A.B. asks: 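Pasting a structure here, questions to come.
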Amino acid sequence: MKSMLSIIRRYVFAAFFVIILILFLDISAYIAMFFGVGGSAYGNRDNLIAISEGLTETGSQFSLSPEGEALLVSQYAWGMLLDPDGNAVWTWNLPEEIPTAFTVPETASFTRWYLHDYPVYVWQHDQGLLVLARPKGSFWKLNLNRPQQLTRRLPAYCLLILTVDLLLIFSVAALAGGRLYKAIRPILDGIRNLEKKEEIHLQESGMLSELSASLNKTSALLAEQEEKLTQRDHARAAWISGVSHDIRTPLSLIMGYANELEDQEDLPQTSRTSARIIKEQSLCIRQLIEDLNLTSKLEYQSCPLRITTFYPAALLRQTAADFMNQNPDGPWEIRVTCSPAFSSAQIDADVQLIARVFKNLIGNSIRHNPEGCSVHIIASMTESDRSCSILFTDDGTGIPRRVLRILTQETETQRETPLKSQNASPENQPHIMGLKIVKQIVNAHGGKVDFFPEPGAQTSSPDTCGTGCRIAVTLPASRRTDMPN
Amino acid sequence: MTDLYDSRVLIVDDHLQLRRMVTKILEQQGFTCLETASCCREAAEKLKTFRPDLLLLDVMLPDGDGFAFMKELREQSNIPVLFLSAKDEDQSRLTGLGLGADDYITKPFLPEELILRLTAVLKRTYFPLSATTTGSDTLVLGNRTVNFESGLAEWNEGSIALTAKELGLLKKLSENRGKIVTFDSLCQAVWGDDYFGYENTLMVHIRRLRAKIEDDPSHPVWLLTARGLGYRLVSEKRNR
């Protein structure tokens, strides 16, 4: 809104200065016209003087100097010299209609105006009155008579008029700007609402009614597209949910009967081993189904977060302890180191989903290191932005380069194209569902996941990125968390 | 009913193979009184004729849904109900448990999981005394015995009294014997929900407890530390 006001302000000032400029140019043009183009009219006085001085009496004859004659020919239609009694004593090119004798009243009359429609000019000569006439219709004689006081105050009046003019111009420009702002404001609000994917209904009236109508149409179109996209997303999530639902009962049977076969002591060992593998793989499928469901729900935002405030340290320790309790004789060691600040920190999050993050990350180390490894989880607080930072490390085989590359690429493109990275030849994609879910959950909580080291780092192993796996999860701390001094 | 395995279990599921498999699993476990139904109507009839002690109920049935059936059932009977469903959404679980179901198992499931949950519900409902893990008043730790009732740790040469907090900690650890119990769970067990800030105090209590139950407290063999996680009370057979 601030930028809009600034635009309107600029518009008002621009309009104001443009009008002033036009006025200035106009006045200059008028002055130039009067004193430049029409200047010859005002040069009349000089001509009259020059011709009068050039007209001299020699005996009883009058003669005109060549300069005077040249001027007379070039500027005037005719000329005459009246003696003090009003009789013409010298004439030049005098038309027949013009008398050669004038009474005093006649003389007084034409000196100010016209003589038989000829604009005439007079000048006092030693022998009488010199009368010169320009061609008919060539000049407009204007007699200006104004009170002396008014003439004296004319500059002040001009200044006053100019000030009033400026105020008037500014008011009109401001009024026009205000009206424009008033008309644009709902449109601007509408565009902002469109940004937020809200449907808008602008009033289609006033000076910008066409624009409002276009925006209303655009909004309706966008709403329709959004609705279709939502429907498609929901349909996709529902389809995944439906398929996974239909798989569950047959998978129960597979797991149940495989378990039964595994327990039958009269079966050969190889068959029992096969049954165990079937059961284990069925468990993997079960995990995949759950992951697929969760990831699709998170992707299509149909999984509402049940936010509560809790201590992540307690959850982290419990998850690690659960893993250790499930595999008491396993070749894995899980260690958790929490800084005092982290131990006292709380987060606002969905406890089930965050537990899933911890479970997936610890499970990732366990699953990919069947020979055993040491998992060390280091949790601390970043004082700069009040975030909980949890680093999951192990000394196992590490993350395969391909997986790391995909995960880091996804981090860059996830917001724009969440599915694109998967669409590219899915058969060649490694199974990263667990880590993908971690990212989705953490992102949904306003946090971030970093995978170390960056792909391309020089290591001795061609397939993995260094020794062990290092994944850092950062989650914003709750506002209720007090930071240590 | 004197024996847990004499409990009458009604299995309601529209999938014939699944009904058969669940029946087989329960029979192998020792349950003898089992009956199945494929729909709500049949289940309603069996409720009257078979009079089950526990109902294993699917949610999606051909002539209605398990939730509605359960709602009607609760108006007449309080028998324990376990949902066994392919619907794994949180909402479905909450609906089922909200209606008063005793547990909610999602398919696919492991037979052991089904047995454990089912027997736990039966024990809780019909054999409450045997269901408590603290039924035993004594805890044997090698040559020492802790009596929870008298609050004494006894051995051949003598005995020593345990404080209430020490007894509380030991009880929690013995309930989860062989498993790691986190600092948080131990603190919560002794100091309640508002346990935050007691970690250091917990360490002091554990040190004192070791002095009373271990022969060599500086090299404990029963009450072990799980670094960064919590403590574990070693099970007896492991230390033999």
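Chain identifiers are assigned alphabetically (A, B, ...) following the order of the sequence lines, protein sequences preceding nucleic acid strands; residue numbering begins at 1 within each chain. It should be emphasised that the depicted structure is a prediction, and the values quoted were computed from it without experimental measurement.
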A.B. asks: Look at B:Ser85, B:Pro108, B:Pro111, B:Ala86 and state which one has the largest set of heavy-atom pairs under 4.5 Å with chain A.
C.D. replies: B:Pro108
A.B. asks: Is A:Thr249 close to chain B through its backbone or its side chain, or both, or neither, when contacts mean heavy atoms under 4.5 Å?
C.D. replies: both
A.B. asks: Taking the ring centre of each residue, are B:Phe183 and B:Tyr231 less than 6.0 Å apart?
C.D. replies: yes
A.B. asks: When heavy-atom pairs shorter than 4.5 Å are enumerated against chain A, which of B:Glu112, B:Arg227, B:Lys179 gives the highest number?
C.D. replies: B:Arg227
A.B. asks: With under 30° as parallel and over 60° as perpendicular, where do the rings of A:Phe358 and A:Phe392 fit, or are they tilted in between?
C.D. replies: tilted
A.B. asks: Strictly distance-based, threshold 3.5 Å: is any side-chain N or O of A:Thr295 a donor or acceptor partner for the main-chain N or O of A:Asp291?
C.D. replies: no
A.B. asks: So, does B:Arg19 use its side chain to make a donor-acceptor pair with the main chain of B:Asp13 at under 3.5 Å?
C.D. replies: yes
A.B. asks: Heavy-atom pairs under 4.5 Å with chain B: which of A:Pro250, A:Ser282, A:Gly256 has the most?
C.D. replies: A:Gly256
A.B. asks: Is there a side chain to side chain contact (heavy atoms under 4.5 Å, CB included) between A:Glu333 and A:Arg335? Walk through the geometry before answering.
C.D. replies: CA-CA 7 Å; A:Glu333 185 207 5; A:Arg335 228 162 14 112; 3.8 Å; yes
A.B. asks: A:Trp332 side chain to A:Asn369 main-chain N or O, any donor-acceptor pair under 3.5 Å?
C.D. replies: yes
A.B. asks: Quick one about B:Asp14 and B:Ser38 (side-chain donor to acceptor, distance below 3.5 Å, no hydrogens or angles considered), yes or no?
C.D. replies: no
A.B. asks: Please state whether the side chain, the backbone, both or neither of B:Lys24 comes within less than 4.5 Å of a heavy atom of chain A.
C.D. replies: side chain
A.B. asks: Under 3.5 Å, is there a donor-acceptor pair linking the side chains of B:Thr225 and B:Arg210?
C.D. replies: yes
A.B. asks: Non-hydrogen atoms of chain B under 4.5 Å away: do they reach the side chain of A:Tyr257, the backbone, both or neither?
C.D. replies: both
A.B. asks: Picking from B:Ile25, B:Val22, B:Leu18, which has the most non-hydrogen pairs under 4.5 angstrom with chain A?
C.D. replies: B:Leu18
A.B. asks: Can you find a side-chain donor-acceptor pair between A:Asp348 and A:Ser478 that sits under 3.5 Å?
C.D. replies: yes
A.B. asks: Does any heavy atom of chain B fall under 4.5 Å from the side chain of A:Asn293, the backbone, both, or neither of them?
C.D. replies: side chain
A.B. asks: Contact part of B:Gln188 toward chain A, heavy-atom cut-off under 4.5 Å: side chain, backbone, both or neither?
C.D. replies: neither
A.B. asks: Is it the side chain or the backbone of B:Ser185 that comes within 4.5 Å of chain A heavy atoms, both, or neither?
C.D. replies: side chain
A.B. asks: Where does A:Glu260 contact chain B at under 4.5 Å (heavy atoms): side chain, backbone, both or neither?
C.D. replies: side chain
A.B. asks: What are the residues of residues 96-106 of chain B, in order of number, with any heavy atom under 4.5 angstrom from a heavy atom of chain A?
C.D. replies: none
A.B. asks: Determine the option with the most heavy-atom pairs under 4.5 angstrom with chain B, choosing from A:Gln318, A:Gln326, A:Glu290, A:Lys279.
C.D. replies: A:Gln318
A.B. asks: Need one label for A:Ile289: side chain, backbone, both or neither, based on atoms under 4.5 Å from any heavy atom in chain B.
C.D. replies: neither
A.B. asks: Suppose we screen for salt bridge (charged side-chain N to carboxylate O under 4.0 Å, His left out). Which residues come up paired with B:Arg41, at least two apart in sequence or across chains?
C.D. replies: B:Glu45
A.B. asks: Is a salt bridge present between B:Glu35 and B:Lys46, judged by a nitrogen-to-oxygen distance below 4.0 Å?
C.D. replies: yes
A.B. asks: Does A:Lys359 qualify as a cation-pi partner of A:Phe323, given the criterion of NZ or CZ under 6.0 Å from the six-membered ring centre and within 45 degrees of its axis?
C.D. replies: no
A.B. asks: With a 4.5 Å cut-off on heavy-atom pairs, point out which of A:Met324, A:Arg306, A:Gln352 contacts chain B the most.
C.D. replies: A:Arg306
A.B. asks: Would you confirm whether the ring centroid of A:His234 sits within less than 6.0 angstrom of the ring centroid of A:Trp239?
C.D. replies: no
A.B. asks: I'd like to verify something: which residue of B:Arg20, B:Glu89, B:Glu199, B:Gln28 has the highest number of heavy-atom pairs under 4.5 Å with chain A?
C.D. replies: B:Gln28
